[in-house]
2 protein chains.
Amino acid sequence: MSPSAPTPAYRRLSVEERRSQLLAAALSLFAHRAPEEVSLDDVAEAAGVSRPLVYRYFPGGKQQLYEAALRSAAEELEQCFDEPREGALIERLGRALDRYLAFVDEHDAGFSALLQGGSVVETSRTTSIVDGVRRAAAEHILSHLDVSEPGLRLRMTVKLWITSCEAASLLWLDEGKQPPVDELRDWLVDQFIAVLSVTGARDPQTAALVKALGGDD
Amino acid sequence: MSPSAPTPAYRRLSVEERRSQLLAAALSLFAHRAPEEVSLDDVAEAAGVSRPLVYRYFPGGKQQLYEAALRSAAEELEQCFDEPREGALIERLGRALDRYLAFVDEHDAGFSALLQGGSVVETSRTTSIVDGVRRAAAEHILSHLDVSEPGLRLRMTVKLWITSCEAASLLWLDEGKQPPVDELRDWLVDQFIAVLSVTGARDPQTAALVKALGGDD
């Protein structure tokens, strides 16, 4: 093909490539609008394909496409938590948060719609995909803390902090992405240390961690 | 009426009394089962009335009944936050939390179903009732803190802590109501002071509050 030949609109893609292309188009639409405001026609148009083709890949229609897009976003989000087990724990946490907040920044409206609930496409399946991401985040943190059998109080503390990070990112989007993202990251890290210390005052397992964290810095 | 006469099953109630009776029956069912597991027949049976009577009061069926029950629970919940403006702030916060946690204890399964989302009866209307309670909680706290124009960082801190209390009560229910409720209350109060202090390190308005809280104790 000569360099000047136009790219054909319907280049033949493999099944996997086509599926990925449709998911990417859906994700970029769901990222900027609430799911109820995205139609299959919009997805077809964004991907430059026909509506029947979208249905061929997602015969369950918008619900199926939304769930597949959500699953793909969840995988991307879980990759944010992949952090080498090297260096100070606080810095690892800061780097994971940087990646998480970049994800929130990129997927803003879709991220809000998903977490705020009340959406017509929200089902127990979508809820369980989101819960899976929360569980993965908690497991990553506990594994970096080198805790294999976290007690009730430590488990609750880690989960509460993850909820706080989620809520903080929603508020951050609501507030026009204020305060600046670097400040938000440091603030969340400091909150983690602070709530761990509060728990440490009533839980020996957490107290030992707080001590180790201080020495690690 | 002599003391030994049995209470008639269909005593004539006023419209308001009947409505309250049906709502109370619905609330007690929604408190122990997820909304999708409660039928209008269950509500009729619990209230000792016929199903058509339930429909006469709630022609929109279960969705309408659920929303009305939710509204009534939201009012009850907002009353938990009514605390006289007397004594140390930390103690006022502790008393409001005691009432809130008693509410969570009483409405357990219904409380979880509502806040965890993914329920078939969840709509933007039910979400906005719940958001109204969150807003009311934030306003109460800021008014007790004597702040009329909270800045971004203080507002976010208060909202994040409210989210933490919600998440903590869900985890507490999941964990079979462990740790003991008094410990949970003190833990949440301590978390509030800790996250306020973290925010105070980067926000003068919050720093002034933290100082005042310390002196108030």
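Chain identifiers are assigned alphabetically (A, B, ...) following the order of the sequence lines, protein sequences preceding nucleic acid strands; residue numbering begins at 1 within each chain. Here the structure is a predicted model, which means the values were calculated and not measured.
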B:Glu175 versus chain A, the contacting section by heavy-atom distance below 4.5 Å: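 The side chain, not the backbone.
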Atom CE in B:Met156, atom CG in A:Leu171: separation rounded to 0.5 Å?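 B:Met156 atom CE to A:Leu171 atom CG measures 5.0 Å (nearest 0.5 Å).
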Between NZ on residue B:Lys159 and CG on residue A:Leu170, distance to nearest 0.5 Å: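 Between B:Lys159 NZ and A:Leu170 CG, I get 11.0 Å after rounding to 0.5 Å.
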With side-chain contact (heavy atoms from CB on, under 4.5 Å) as the test, would you mind laying out the steps for A:Glu166 and B:Thr163 before giving the verdict? CA-CA 10 Å; A:Glu166 256 183 51; B:Thr163 305; over 6 Å; no
Pairs of heavy atoms under 4.5 Å with chain B: top-ranked of A:Leu152, A:Val195, A:Ile193: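 So the answer, after comparing A:Leu152, A:Val195, A:Ile193, is A:Leu152.
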Residue among B:Asp182, B:Asp190, B:Asp186 satisfying salt bridge (Lys or Arg N to Asp or Glu O under 4.0 Å) with A:Arg202: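 Among B:Asp182, B:Asp190, B:Asp186, the one meeting salt bridge (Lys or Arg N to Asp or Glu O under 4.0 Å) with A:Arg202 is B:Asp190.
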Contact summary for A:Ser164 and B:Leu160, nearest pair of heavy atoms: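 Distance-wise, the nearest heavy atoms are O-CD2, 3.5 Å.
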Quick one: of B:Ser128, B:Ser197, B:Pro179, B:Ala201, who has the most non-hydrogen atom pairs under 4.5 Å with chain A?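 If we count pairs closer than 4.5 Å to chain A, B:Pro179 comes out on top.
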Largest heavy-atom contact set with chain A, pairs under 4.5 Å, which of B:Thr157, B:Asp131, B:Thr199: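 Greatest number of close heavy-atom pairs with chain A: B:Thr199.
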Side chain, backbone, both or neither: which part of A:Arg153 has a heavy atom under 4.5 Å from chain B?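 Backbone plus side chain of A:Arg153, per the 4.5 Å heavy-atom cut-off to chain B.
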Report, as yes or no, whether the 6.0 Å neighbourhood of atom CD on B:Glu45 holds more than 12 heavy atoms from other residues, nucleotides or ligands.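 Open.
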